[in-house]
Engineer: 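Structure below; questions to follow.
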Amino acid sequence: MSADAAIDHLLEGLNPPQRDAVMHGEGPMLILAGAGSGKTRVITHRIAYLLRTGQARPGEILAITFTNKAANEMRERVEHLVGRASRAMWVMTFHSACARMLRAYANELGYTRQFTIYDTGDQRRLIKQVLDNHGIDTKRYTPRAMQSQISSAKNKLIWPEVYAESVGSPFEEIVAEVYKDYTRELLRMNAMDYDDLLLNAVRLLEKNQEVRDRYAQQFRWVMVDEYQDTNAVQYRWLQLLTSEHRNLAVVGDDAQSIYSFRAADIRNILEFEEDYPDAHVVKLEQNYRSTQTILDAANALIANNRGQMPKHLWTDLGDGDPVRVREMADEYAEARWVTAEIQRLVDEGVSRAEIAVFYRTNAQSRVLDEMLTRAGVAYQVIGGPKFYERAEVKDAIAYLTFLVNPRDATAFTRIANSPKRGIGQTSMSRVLGYANDLGIDVWEAARGEVPGLTKAARNALGRFMDAMETLKAKAAENGPVAQLLDALLHETGYLDALHAERTIEAQGRVENLQELVSAAAQYDINAENGSLEEYLQQTSLFADADNIRDDEGLVTLMTMHNAKGLEFPIVFMIGMEDGTFPHSRSIEESNLEEERRLAYVGLTRAMRQLTLTYARRRMGYGGGSAPTIKSRFLDEIPRELTDQPSRISRGYPTPGRVASWSQAAAASAEYAGGDTNDAQLFRVGDEIVHAQLGDGVVTGLQPGGIVVVHFAGEGRDRSLMADVAPIKKR
């Protein structure tokens with residue numbers, strides 16, 4: 001095949017915008033790639049085109065993405081197009097590319113080339129050592145919390161000395177001190193953590209012009225996938241590499257920027273044209289995945305965001321079915337209906353592998369877990385274990401189990417040092433050995449004089465068993481299981497330990513435990529003569545459910561964050577209520593635009609059938625069933641795209657439909673079946689107290705059960721969901 005014929009063959013099958021992006025020559029380029037528009041194909045074909053036309057040699061190409069899986073896929077597809085030449089290219093993740101640079105030039109920063117890369121466990125052990133050296137209480141200022149704050153600072157390109165200059169609280173002062181000493185200790189140990197790979201690569205290029213020139217000359221063509229997910233340090237690294245030749249081609253979609261909690265900065269893609277006024281912009285708007293109805297729903301939804309780069313997804317796959325919207329009585333009715341629909345689809349010949357259920361938080365999976373298990377529907381949870389297999393849930397169940405069965409050594413060893421309270425493995429082994437030697441219960445042994453324990457371990461064990469004795473007395477009252485579980489989580493310090501971590505992951509674990517309390521409350525309601533023993537027996541049926549694997553595959557359950565990058569013929573999105581999705585925390589923090597982008601991601605995963613469900617009432621923490629308001633996102637999808645009748649929507653009032661707060665309140669009451677919303681308990685001027693934020697004053701009331709509060713400690717207003725936020729009148 002001639003060179004010209006090879007090039008023509010390479011360009012075959014590309015639509016005009018894809019071809020434009022592939023054939024673009026020198027200079028910066030932004031490829032705005034809508035969902036399902038074939039962006040990976042464009043990147044790989046562009047690499048092949050540059051080689052085929054002689055514009056680039058293999059060693060001059062740097063192609064960057066975020067995950068090893070994505071990098072491997074890209075590398076394989078490039079190799080399929082260009083053969084062995086791909087081996088001379090750098091097709092890899094940010095971290096891998098930076099690590100390779102640092103292996104070559106670590107000595108410029110005071111490291112040797114044999115530096116160690118610390119994983120998360122290594123980092124936390126070193127941080128704990130730093131905290132201990134300062135005599136800082138590691139229960140109040142946990143290594144996990146310190147690690148999270150330091151990681152966030154590094155991803156924002158904030159050095160220890162700069163961080164120290166901007167502290168505004170006692171917690172941040174501790175972080176600043178730990179950050180400084182942790183950095184010094186890493187250098188002394190010739191070690192870097194994952195964030196250092198990026199940060200030190202930037203420092204290397206800034207410090208050494210010769211090294212910077214070498215890599216800038218080597219990588220004349222730089223391509224970056226998922227550019228909307230880049231953070232400050234990644235942005236700076238790319239800037240240093242490409243500022244001379246400026247052949248930077250970035251591919252991304254601002255509408256799918258959903259990782260601000262990982263320090264991703266959407267401004268990097270929104271302001272690309274400001275950084276490069278001469279940038280060539282290509283919009284990939286033809287979608288090869290979904291029906292036009294699904295795309296129109298997604299287009300209408302995301303159009304409500306102010307901070308965006310307008311695009312309009314379209315397809316030639318046809319209109320397809322309308323988006324199904326279903327209102328349910330509560331989360332149990334919702335889960336039952338979704339389960340029944342899945343069974344119906346499977347009976348009609350649909351493979352379970354084609355079906356996915358998305359939710360905003362992991363805690364929402366619990367009811368669906370139970371219903372699918374009871375129905376014998378095989379499923380998998382992506383991004384984490386099933387609800388009753390999560391570590392924090394198993395810990396809570398183990399606490400209850402030990403209260404019921406004082407002989408259960410397995411439960412004892414699981415909970416004695418969870419959360420960490422100074423009872424190590426050796427101490428627990430001594431307790432178990434003492435119980436075996438005397439032929440007594442583990443409980444009785446732990447209350448006794450166990451030989452060989454240190455004074456510190458003996459004191460810690462005593463405090464643990466004092467708490468357990470208190471809980472055992474409460475359990476003997478045969479009161480509601482939910483109340484016992486709630487007391488357990490507080491009195492053992494379990495929730496306090498999670499709150500002290502100050503991480504998104506810890507908050508998710510708290511939500512899972514709150515959902516467990518809600519599940520117990522539901523058991524209390526349904527069980528006529530319930531008992532703790534019966535509750536544990538019932539729970540074990542879900543915890544030990546078989547993971548059936550067969551030729552029909554598994555229904556997939558996952559959060560919408562984990563759904564990014566995937567696609568399924570049939571998608572259910574559950575829990576479409578304000579406070580659930582959009583999440584109450586995002587409403588309070590005025591971060592609705594990212595929540596809407598997350599909804600957009602969820603919608604655009606569906607290929608041919610999309611169903612959105614919401615509940616009129618949902619169980620809250622502690623078991624109270626509260627009225628909900630359907631998600632504002634549902635009202636942003638035109639009714640003509642759904643199977644709902646064309647009538648005025650009940651629920652969150654959209655602009656122009658409800659003219660006043662009184663009308664909005666009336667709409668909310670009608671929607672909730674006559675129940676009043678908690679927001680109506682507050683009035684402008686009321687003094688309130690928030691469990692975390694302290695004293696505040698109500699400055700406004702908004703539709704959807706939202707109370708606007710000015711907090712003296714922060715000096716600013718916050719919008720709070722009255723049904724969810726931990727607020728009360730003074």
Engineer: Of the non-hydrogen atoms in Ser260 and Glu594, which two are nearest, and what is the gap between them?
Structural biologist: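 Closest heavy-atom pair between Ser260 and Glu594: OG-OE1, 2.9 Å.
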Engineer: Would Asp441 and Arg407 pass as an ion pair if we require N to O under 4.0 Å?
Structural biologist: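 Looking at Asp441 and Arg407, the cut-off is met.
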Engineer: Would you call Glu491-Lys474 a salt bridge at under 4.0 Å N-O?
Structural biologist: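 No, no charged N to carboxylate O under 4.0 Å.
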Engineer: Atom CE in Met371, atom OH in Tyr332: separation rounded to 0.5 Å?
Structural biologist: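 Here the rounded value is 7.0 Å.
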Engineer: Will you find, in the side chains of Ser586 and Glu589, an N or O donor that is under 3.5 Å from an N or O acceptor?
Structural biologist: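 Per modelled atom types, Ser586 and Glu589 side chains form no pair under 3.5 Å.
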Engineer: May I ask you to decide if the ring planes of Tyr399 and Tyr494 are parallel, tilted or perpendicular, using 30° and 60° as cut-offs?
Structural biologist: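 Perpendicular.
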Engineer: Is Ile415 close to Phe464 at the side-chain level, that is, under 4.5 Å between some pair of heavy atoms?
Structural biologist: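 A side-chain contact under 4.5 Å exists here.
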Engineer: Is it true that Lys139 and Asp496 make a salt bridge, defined as a side-chain N closer than 4.0 Å to a carboxylate O?
Structural biologist: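 Asp496 and Lys139: not salt-bridged.
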Engineer: Of the non-hydrogen atoms in Leu516 and Phe387, which two are nearest, and what is the gap between them?
Structural biologist: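 Scanning both residues completely, I find the closest heavy atoms to be N-CZ, 4.0 Å.
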Engineer: Could you check whether any side-chain heavy atom of Lys154 comes within less than 4.5 Å of a side-chain heavy atom of Ser151, counting everything from C-beta outward?
Structural biologist: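 The answer is no, as the side chains (C-beta and beyond) never meet within the 4.5 Å cut-off.
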Engineer: May I ask you to decide if the ring planes of His95 and Tyr194 are parallel, tilted or perpendicular, using 30° and 60° as cut-offs?
Structural biologist: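 His95 and Tyr194: perpendicular rings.
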Engineer: Should Glu389 and Lys394 be marked as a salt bridge (charged side-chain N to carboxylate O under 4.0 Å, His left out) after you check the CA-CA gap, both sets of side-chain angles, and the distance that decides it?
Structural biologist: CA-CA 6 Å; Glu389 294 171 4; Lys394 292 181 78 170; over 6 Å; no
Engineer: State whether Arg414 and Asp395 are salt-bridged, where the test is any N-O pair (Lys NZ or Arg NE/NH1/NH2 against Asp/Glu carboxylate O) under 4.0 Å.
Structural biologist: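 The answer is yes: the pair qualifies as a salt bridge.
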Engineer: Is it true that a side-chain atom of His561 and a backbone atom of Ile258 form a donor plus acceptor pair closer than 3.5 Å?
Structural biologist: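 Flag set: sc His561 to bb Ile258 pair under 3.5 Å.
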Engineer: Might you point out which heavy atoms bring Leu126 and Met189 nearest each other, and give the distance in Å?
Structural biologist: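 Heavy atoms of Leu126 and Met189 come nearest at CD1-CE, 3.8 Å.
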Engineer: Check whether any side-chain heavy atom of Leu186 sits under 4.5 Å from a side-chain heavy atom of Arg188, and report yes or no.
Structural biologist: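 SC-SC contact between Leu186 and Arg188 ruled out.
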Engineer: In a check of salt bridge (charged side-chain N to carboxylate O under 4.0 Å, His left out) between Asp466 and each of Arg447, Arg421, Lys472, which one passes?
Structural biologist: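 Going through Arg447, Arg421, Lys472 one by one, the salt bridge (charged side-chain N to carboxylate O under 4.0 Å, His left out) with Asp466 is satisfied by Arg447 alone.
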Engineer: Can you find a heavy atom in the side chain of Asp330 that is under 4.5 Å from one in the side chain of Arg618?
Structural biologist: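 They are not in contact (no side-chain heavy atoms under 4.5 Å apart), so the answer is no.
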Engineer: State whether the number of non-hydrogen atoms from other residues, nucleotides or ligands found under 6.0 Å of Glu687 atom CD is greater than 12.
Structural biologist: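 12 or below, so no.
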Engineer: Between the side chains of Arg509 and Asn362, is a donor N or O closer than 3.5 angstrom to an acceptor N or O?
Structural biologist: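 Not at all, the side chains of Arg509 and Asn362 share no donor-acceptor pair under 3.5 Å.
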Engineer: Counting heavy atoms not belonging to Lys69, are there more than 12 under 6.0 Å from its NZ?
Structural biologist: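 No, because the 6.0 Å sphere around NZ of Lys69 holds 12 heavy atoms or fewer from other groups.
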Engineer: Could you tell me whether Glu185 and Lys180 have a side-chain N and a carboxylate O separated by less than 4.0 Å?
Structural biologist: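 Answer for the salt bridge query: no.
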Engineer: Output yes when Glu505 and Arg144 qualify as a salt bridge under the 4.0 Å nitrogen-oxygen rule, no when they do not.
Structural biologist: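 Looking at Arg144 together with Glu505, the answer is no, because their closest N to O distance does not fall below 4.0 Å.
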Engineer: Is the shortest side-chain heavy-atom distance between His690 and Val709 below 4.5 Å?
Structural biologist: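 Of all side-chain heavy-atom pairs linking Val709 with His690, none is under 4.5 Å.
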Engineer: Under 4.0 Å between a side-chain nitrogen and a carboxylate oxygen: does that hold for Arg366 and Asp369?
Structural biologist: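 No, this pair does not count.
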Engineer: Does any part of the side chain of Lys156, heavy atoms only, come nearer than 4.5 Å to the side chain of Val233, both counted from C-beta?
Structural biologist: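 In short, these two side chains do not touch, never coming nearer than 4.5 Å.
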Engineer: If you round to the nearest 0.5 Å, how far is CG of Leu187 from CZ of Phe115?
Structural biologist: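 Output value for this atom pair is 12.0 Å.
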